[in-house]
Amino acid sequence: MYDQEKIKPYDGDGEKGKLIAEMFDNIAPTYDTLNHRLSGNIDKGWRKKAIRQLLPFRPKKMLDIATGTGDFAILAANELKPEQLIGADISEGMMAIGREKVKAAGLSEVISFQKEDCLNLSFPDYTFDAVTAAFGIRNFQNLDKGLAEICRVLKKGGHLSIVELTTPVSFPMKQLFRIYSNTVLLNYAKFISKDKSAYEYLNKTVEAFPQGERMMEIFHKAGFAKSSFRRLTFGICTMYFAEK
């Protein structure tokens, strides 16, 4: 068990998946605002870099895991022009917002949403050309099983592109980021979302989540043949790319 898997939202009493769904349902109305403001909109650039990793492969059928309110799915549809993209999440509250955004973007024929348990995906083996995930895999109850499921539903030679929050590894950014995330981020999140405990959980999982070279080992264990990573913005975010 990885350290972040031991961390649960709220009082931690209950099955983690259900608590995660409850937490994201609660913060769904303010989630996008907080993401963009707290990162100074840098998160939009991170997402674009991660999507563009897939450009040479022209995926036709895609899955966006932990799709949330659909930002990554919409960006992928606009940048990659797939024939079909399914956004999967355990939070109906987040996906309800995503459906409205997809409709407004005129992408309803391409993007659909589906409630899914990331540890037990309902899709057959070898279904997708590419899978994407933005800021979601650290919430998996079981990281090994979740990545193995992603690998299972990918076609041979298919690709996984991930962007995930991480902690900087070098002085002074490591120390500055810890101060920022434990003061400014939490207080602002409490002011906007009225749910400080949810962001305390999310903050703890960033600090506990394996990153860099350790994630390369985890991808290999899950069944991926190749993997690579690139740290962005002094290591506040890491972009991962894996091939089945």
Side-chain angles (χ1 to χ4, degrees), residues 4 7-48 50-51 63-78 85-108 110-118 132-141 146 162-165 180-207 209 236-237:
Q4 85 284 350
I7 303 169
K8 296 181 182 181
Y10 303 129
D11 59 8
D13 185 18
E15 193 261 324
K16 183 172 180 176
K18 293 179 180 178
L19 292 172
I20 293 288
E22 178 187 350
M23 179 190 75
F24 279 111
D25 283 344
N26 289 342
I27 65 175
T30 57
Y31 183 79
D32 286 339
T33 298
L34 277 167
N35 259 8
H36 302 325
R37 288 185 183 177
L38 288 170
S39 71
N41 279 320
I42 297 173
D43 64 302
K44 295 179 180 179
W46 296 337
R47 287 184 174 94
K48 187 165 286 190
I51 290 300
L63 173 66
D64 185 38
I65 286 282
T67 193
T69 62
D71 277 358
F72 212 34
I74 292 169
L75 181 62
N78 285 328
L85 194 157
I86 298 173
D89 206 286
I90 58 170
S91 169
E92 288 287 4
M94 296 284 275
M95 289 190 292
I97 294 171
R99 289 185 183 98
E100 292 301 315
K101 288 161 69 172
V102 165
K103 183 178 178 181
L107 292 169
S108 297
V110 177
I111 301 174
S112 61
F113 291 87
Q114 196 164 311
K115 188 172 183 178
E116 290 282 339
D117 176 0
C118 63
T132 56
F135 316 119
I137 65 167
R138 74 180 192 279
N139 295 312
F140 286 3
Q141 286 179 267
I162 291 172
V163 64
E164 185 57 82
L165 293 173
Y180 170 78
S181 60
N182 286 295
T183 54
V184 176
L185 186 152
L186 286 181
N187 288 325
Y188 189 69
K190 179 183 179 182
F191 176 72
I192 297 294
S193 73
K194 312 304 180 186
D195 194 341
K196 185 179 179 181
S197 60
Y199 283 88
E200 286 175 341
Y201 158 80
L202 292 169
N203 206 33
K204 288 176 182 176
T205 59
V206 173
E207 294 179 356
F209 194 69
I236 293 171
C237 176

Backbone N/O of Ala134 and side chain of Glu164: donor-acceptor pair under 3.5 Å: no
Lys16 side-chain N/O to Ile7 backbone N/O, donor-acceptor pair under 3.5 Å: yes
Worked verdict on Asn26 versus Glu22 for side chain to side chain contact (heavy atoms under 4.5 Å, CB included): CA-CA 6 Å; Asn26 289 342; Glu22 178 187 350; 3.9 Å; yes
From NZ (Lys18) to NZ (Lys8), nearest 0.5 Å: 11.5 Å
Heavy-atom side-chain proximity of Leu165 to Phe209 below 4.5 angstrom: no
Side-chain touch Ile51/Asn78, heavy atoms, less than 4.5 angstrom: no
Approximate separation, where rounding is to 0.5 Å, of Asp25 CG and Ile20 CD1: 11.5 Å
NZ/Lys204: more than 12 non-hydrogen atoms of other groups inside 6.0 Å: no
Atom of Ala76, atom of Leu85 and distance for their closest heavy-atom approach: CB-CD1, 3.7 Å
Interatomic distance, Tyr31 atom OH to Leu202 atom CG [nearest 0.5 angstrom]: 7.0 Å
Considering all heavy atoms, the nearest Ile111-Ala77 contact: CD1-CB, 3.8 Å
Non-hydrogen atoms of Asp89 and Gly68 that approach each other most closely: OD2-N, 2.7 Å
Residues in salt bridge (charged side-chain N to carboxylate O under 4.0 Å, His left out) contact with Glu116, at least two apart in sequence or another chain: none
Separation of Phe72 CZ from Ile162 CD1 (nearest 0.5 Å): 9.0 Å
Heavy-atom closest pair, residues Ala66 and Gly136: CB-CA, 3.8 Å
Closest approach of Tyr201 to Pro9 (non-hydrogen atoms, all atoms of both residues): CD1-N, 3.6 Å
Value rounded to 0.5 Å, distance of CD1 in Ile90 from OG1 in Thr67: 13.0 Å
Those residues that, when tested against Ser112, pass side-chain hydrogen bond (donor to acceptor under 3.5 Å, both in side chains) (two or more places apart): none
Criterion side chain to side chain contact (heavy atoms under 4.5 Å, CB included) on Phe24 and Met95, from CA distance to verdict: CA-CA 10 Å; Phe24 279 111; Met95 289 190 292; over 6 Å; no
Nearest heavy-atom neighbours spanning Arg138 and Gln4: O-CG, 3.4 Å
pair Leu75-Lys44: side-chain heavy atoms closer than 4.5 Å: no
Reported CG-to-OG1 distance for the pair Asp64 and Thr132, which is rounded to 0.5 angstrom: 3.5 Å
Summary of salt bridge (Lys or Arg N to Asp or Glu O under 4.0 Å) pairs that have at least one residue in residues 94-104, sequence neighbours excluded: Asp32-Lys101, Asp71-Lys101, Glu92-Arg99
